[in-house]
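Read the structure below first, then the notes.
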Amino acid sequence: MDERRYEPKQIEPKWQEIWAREGTWEVSNDPENTDHREKSYVLEMLPYPSGEPHIGHLKNYALGDAIAHFHRRIGRRVLHPMGYDAFGLPAENNAIKTGVHPRVATDRSIAAYRHWFHRWGISIDWSRELGTHEPSYYRWTQWIFLKLFERDLAYRKTAAVNWCPNDQTVLANEQVIDGRCERCGHLVEVRQLEQWFFRITDYADRLLEDLGTIDWPEHVKAMQRNWIGRSEGAEVVFGCEELGIDYPVFTTRPDTLFGATFFVMAPEHPDVFRLAEGTEHEREVHEYVNRALTETPEQRGAVDKPKTGVPLGRTVANPVNGEQIPMFVADYVLMEYGTGAIMAVPAHDQRDYDFAVAFDLPIRQVVAAQGADGQDGQDGAFSAHTENEVLINSEAFSGMNAVEGQQAIVEWLDREGKGHFSVNYKLRDWLVSRQRYWGCPIPIVYCDSCGMVPVPEEQLPVELPNIEDYQPQGRSPLAAAEDWVNVACPNCHGPAKRETDTMDTFVDSSWYYLRYCDARNDHAAWDRRVLRRWMPVDQYIGGVEHAILHLMYSRFFVKALADMELLDVQEPFQALFTQGMILGPDGNKMSSSKGNVIAPSDIIERFGADAARCYVLFIGPPDQDAAWATTGIEGVHRRLLGRLWRLADELADRGGGKPTNAEEPVDPEGDALTIVRKAHWAIDKVTRDMATRFAFNTALSAIIELINEIYRYPHADPQARRFAAGTAASLLFPFAPHLGAEAYEMLTGRRVWEEPWPDADPERLQTETFELVCQVNGKVRDRVNAPTGAARDELERLCLESRGVQAHLNGQEIAKVIVVPDKLVNVVVR
RNA sequence: GCGGCGGUGGCGCAAUCGGCUGACGCGGUGCCCUCAAAAGGCACUGUCCUUCGGGACGUGUGGGUUCGAGUCCCACCCGCCGCACCA
């Protein structure tokens with residue numbers, strides 16, 4: 001007798017082959033609009049293909065796949081596509097090192113990813129597969145660029161930009177973390193360069209407001225709000241009479257204007273040298289600025305660093321009272337924020353206060369708590385205005401409530417032409433050009449006579465040429481491809497040159513979810529009507545590391561494209577789920593240098609795809625980080641999958657003339673009823689966990705409980721056990737599709753994915769008795785069986801009669817009895 | 001400093017609307033099956049006390065509301081994440 005046991009290697013390929021051959025998960029765009037099922041667009045963030053997928057990918061796609069399967073089974077038409085974010089630096093850096101063309105390396109990785117997605121059994125509509133590096137895709141990336149260019153949302157300007165000397169390219173603000181390149185960790189330099197930008201700042205308010213319309217985790221919304229950094233205040237003009245130049249500053253506290261006792265400029269401010277010229281401080285200013293500019297952002301930004309600065313030898317006039325106040329240059333003022341210059345109010349701002357103390361400058365309090373005698377110094381610098389703050393030392397405005405005073409001061413400034421209400425943002429325009437090869441070419445041509453000319457749509461794509469030398473030299477490697485660079489001007493047909501920068505890869509991934517909807521459209525990026533059938537993405541799933549970059553850029557794209565009437569939604573991702581990381585067994589982030597990497601390929605080899613998928617979901621709440629434990633996957637393999645398989649094997653109808661079935665027995669009794677009830681309980685539990693929250697860990701534990709219950713009654717009616725096992729297989733299918741399909745087929749002869757999601761029968765969720773919790777003064781003293789739905793006084797009687805309660809009453813006086821029907825009775829004694 | 005999220009057995013965690021704390025899994029202990037092992041099955045497993053009936057305690061700390069608090073309120077401690085000289 002050969003032993004029969006759960007062998008994923010025999011089960012998994014069988015189903016993968018069927019799904020691949022039949023294209024089971026493909027879904028039509030339904031141009032006739034005949035399919036009236038509710039749509040569901042389930043999407044995981046597309047992978048950057050590098051080597052082989054890692055365990056985080058497995059979790060990401062296991063999560064999305066469970067949702068996709070669940071939605072299909074509850075009767076929705078589900079779009080669940082896959083693609084690859086295939087342009088990018090790692091493949092190019094690899095090419096520099098090894099000479100292997102980035103396309104070759106990328107396509108090799110893509111093949112590996114595709115292979116593994118099949119072996120994981122992810123239910124993907126493969127007919128929509130795409131790679132952002134394919135001309136059939138980036139043709140439309142270029143088209144979108146041109147659309148943005150037409151609307152002046154893509155533009156070129158010279159600006160101080162972040163330059164990574166290691167990667168030899170510029171970076172977006174969002175790609176600079178603590179002054180370092182987010183990719184290679186090298187210190188970033190600031191350079192004045194002419195670059196391409198997308199005008200995302202035009203959308204700052206809408207990006208902020210519409211966060212209220214989407215179902216995203218609070219922390220992601222908070223990060224976006226933070227990044228947009230909207231603050232309301234006023235722009236106030238300080239004039240330097242000696243040079244006849246006006247300097248506007250931004251302030252959120254215009255009510256403190258009368259307390260401004262000096263004025264500070266950032267070292268990067270373009271007028272600093274000009275102001276100092278000819279004054280006794282000229283040399284000192286040069287030295288200070290040069291020193292400040294060579295400091296690393298970490299050094300300069302150190303929180304407890306003492307305030308430094310140098311006088312400029314000039315004064316500006318405070319617009320509210322004409323007072324001449326001295327100007328300084330100091331590195332605590334940032335060129336990137338506001339106007340690069342500030343009015344300093346040491347009485348009400350900690351930083352200004354610190355500077356004033358260091359340079360012995362006057363401190364004048366202008367806001368005080370009402371009734372107080374004005375001794376609170378610099379307190380309240382950042383605190384919001386309270387109702388009882390009043391202005392003092394503020395001429396005509398003295399005595400006014402601070403909130404009203406602020407309003408009045410700005411209105412007065414506005415009338416005088418010296419200021420106005422203003423809103424400031426931390427968000428900058430998105431720098432999109434990169435001096436690198438492996439990216440989407442920018443479809444622009446420079447002509448000596450016509451200037452900057454967009455490549456006509458019908459000439460797209462501008463294909464990336466093959467080159468020999470990928471080494472960046474401060475300009476794009478494409479600049480060396482002369483055959484490609486030199487081109488006839490589309491306008492005058494004279495000699496012209498192509499733009500040699502490529503686009504940030506975040507441009508590619510900002511619209512891929514739109515292309516999936518109509519992935520094989522050769523005539524357009526998409527058909528607007530098809531988009532209407534699918535967009536927005538109903539459930540987006542990915543890592544929190546994209547909270548700002550990818551997710552903000554995509555939102556900007558959708559809003560801009562909606563404004564062009566190219567699509568009909570305002571937000572790309574209606575709901576977002578951010579998964580936690582799988583950490584190494586040592587609790588640290590997995591990395592090859594720590595030697596704690598768990599390779600999915602090893603895991604699947606040992607335990608199969610179903611066990612791997614279930615384990616990454618069972619390990620804990622899916623939005624939390626969790627450490628990998630090999631004993632954990634063994635548990636899932638044994639207690640969940642192995643035991644279900646054995647049940648199916650034991651209970652399967654093996655012919656015998658009867659049709660196989662796992663129908664619910666009609667009138668189960670005794671143990672059979674207990675098992676049937678547990679099955680309905682599990683249906684209800686799993687359904688609620690999936691539909692109302694992402695509690696896959698508890699859904700799986702409910703399925704384990706059901707399986708345990710079937711084991712507990714080995715001699716119960718086989719039909720009841722078969723029904724329960726079939727239910728377990730059906731419920732397990734979204735998590736472990738191979739075993740779910742296999743066990744279901746063994747028990748019923750049918751394909752589980754063609755079956756509707758089971759319904760919990762409310763009658764079966766009800767029991768005729770329940771365990772009544774009997775408390776005395778809130779402590780549990782007994783539990784007794786009571787009829788479900790019993791009257792309050794009946795429950796009270798049962799409780800009072802119970803042995804445990806009797807023992808604790810000791811003849812004490814009963815003050816009160818609390819009855820919670822079908823749950824508990826609490827006897828309060830004195 | 002600002003914003004967000006957490007703190008429950010030896011471990012991961014569960015308790016969904018204020019009602020039995022610790023579901024489920026891991027780990028541990030004992031037993032069954034076996035010539036033996038593997039595999040598998042069954043049972044027990046928060047701490048302390050116990051006359052073995054049971055009892056006391058227990059959800060970061062301290063207070064409060066309540067018949068009843070892991071859950072609500074106040075104050076605080078600790079940890080993680082994001083932002084941060086943002087005017």
Side-chain angles (χ1 to χ4, degrees), chain A residues 3 5 177-178 217-227 229-231 233 249-253 256 264 266 300-305 307 330-334 336-345 348-352 354-355 381-382 424-426 544-545 547-548 587 615 618-621 623-636 638-640 642-643 646 685 688-689 692-693 695 697-705 708 711-712 714 771-783 803-804 807-808 815-820 823-829:
Chain A
E3 198 166 343
R5 53 196 285 187
I177 312 292
D178 295 332
E218 202 44 55
H219 67 281
V220 176
K221 291 191 189 183
M223 283 162 80
Q224 293 217 347
R225 277 189 208 104
N226 230 323
W227 189 261
R230 183 182 201 273
S231 49
V249 300
F250 175 76
T251 177
T252 54
R253 294 292 304 273
T256 64
V264 190
R300 178 164 167 186
V303 179
D304 44 6
K305 186 185 156 188
K307 293 283 172 287
D331 67 0
Y332 81 93
V333 174
L334 308 175
E336 309 88 81
Y337 190 77
T339 60
I342 62 157
M343 67 176 205
V345 185
H348 300 284
D349 182 288
Q350 185 65 49
R351 298 153 301 174
D352 297 342
D354 294 343
F355 191 86
F382 297 106
N424 199 58
Y425 299 91
K426 203 186 91 161
V544 73
E545 64 274 17
I548 296 172
Y615 178 57
F618 186 66
I619 194 166
D623 56 338
Q624 275 176 38
D625 293 352
W628 181 271
T630 298
T631 51
I633 190 170
E634 283 166 0
V636 164
R638 272 204 308 267
R639 300 291 301 182
L640 176 62
R643 273 158 66 96
R646 269 192 302 281
K685 170 79 178 150
R688 281 184 297 121
D689 281 352
T692 62
R693 48 187 214 160
N697 51 332
T698 51
L700 284 164
S701 77
I703 299 171
I704 296 174
E705 279 194 63
N708 288 348
Y711 267 81
R712 192 166 295 136
E771 198 174 62
L772 177 72
V773 173
C774 304
Q775 298 182 333
V776 177
N777 284 347
K779 290 191 198 305
V780 181
R781 295 307 182 185
D782 211 338
R783 289 156 231 253
R803 260 185 68 204
H808 282 88
K816 194 181 332 183
V817 179
I818 309 284
V819 179
V820 182
K823 200 163 270 172
L824 63 73
V825 175
N826 185 18
V827 182
V828 185
V829 297

Handout entry: A/I548: side-chain contact (heavy atoms from CB on, under 4.5 Å) partners, not counting sequence neighbours
Key = A/E174, A/M223, A/W227, A/M552
Problem - First of A/V773 and A/R688 reached from the 5' end of RNA chain B, by closest nucleotide - result: A/R688
Exercise for the section: Please determine if a side-chain N or O atom of A/N826 lies less than 4.0 Å away from the OP1 or OP2 oxygen of B/U66. Expected result: no
Exercise for the section: Report which part of the nucleic acid A/K221 touches: base, sugar-phosphate, or nothing (heavy-atom distance under 4.0 Å, all strands). Expected result: nothing
Practice task
Could you tell me whether the side chains of A/Y615 and A/T630 share a donor-acceptor contact shorter than 3.5 Å?
Solution key: no
Problem - Residues forming a side-chain contact (heavy atoms from CB on, under 4.5 Å) with A/V780, sequence neighbours excluded - result: A/V773, A/Q775, A/R783
Practice task
Look at the rings of A/F355 and A/Y332 and say which category their plane angle falls in: under 30° parallel, 30 to 60° tilted, over 60° perpendicular.
Solution key: tilted
Exercise for the section: Would you mind reporting whether A/N697 and A/I619 have side-chain heavy atoms less than 4.5 Å apart? Expected result: no
Problem - For RNA chain B, the dot-bracket pattern of Watson-Crick and G-U pairs whose distances stay under 3.5 Å, | for other-strand partners - result: (((((((..(((......[....)))((((((.......))))))((((....))))..(((((..]....))))))))))))....
Handout entry: 5' priority, RNA chain B, between A/A222 and A/Q775 [closest heavy atom]
Key = A/A222
Practice task
Indicate, yes or no, whether a donor-acceptor pair under 3.5 Å links the base of B/C85 to the side chain of A/K307.
Solution key: yes
Exercise for the section: State which of B/G55, B/A87, B/A23 makes the closest approach to the side chain of A/E705. Expected result: B/A23
Handout entry: Results of side-chain contact (heavy atoms from CB on, under 4.5 Å) for A/R638 - residues two or more places apart only
Key = A/E634
Problem - For A/F618, the option from A/L640, A/T698, A/I704 that meets side-chain contact (heavy atoms from CB on, under 4.5 Å) - result: A/I704
Distances under 3.5 Å only, N/O to N/O: pair up the protein atoms with those of nucleotides 26-30 of chain B.
unit_1: B/C26; atom_1: OP1; unit_2: A/R638; atom_2: NH2; d: 3.2
unit_1: B/C26; atom_1: O2'; unit_2: A/T631; atom_2: OG1; d: 2.8

Exercise for the section: Indicate for each nucleotide in nucleotides 5-15 of chain B, in 5' to 3' sequence, whether protein heavy atoms under 4.0 Å reach the base (B), only the sugar-phosphate (S), or nothing (-). Expected result: -------SSSS
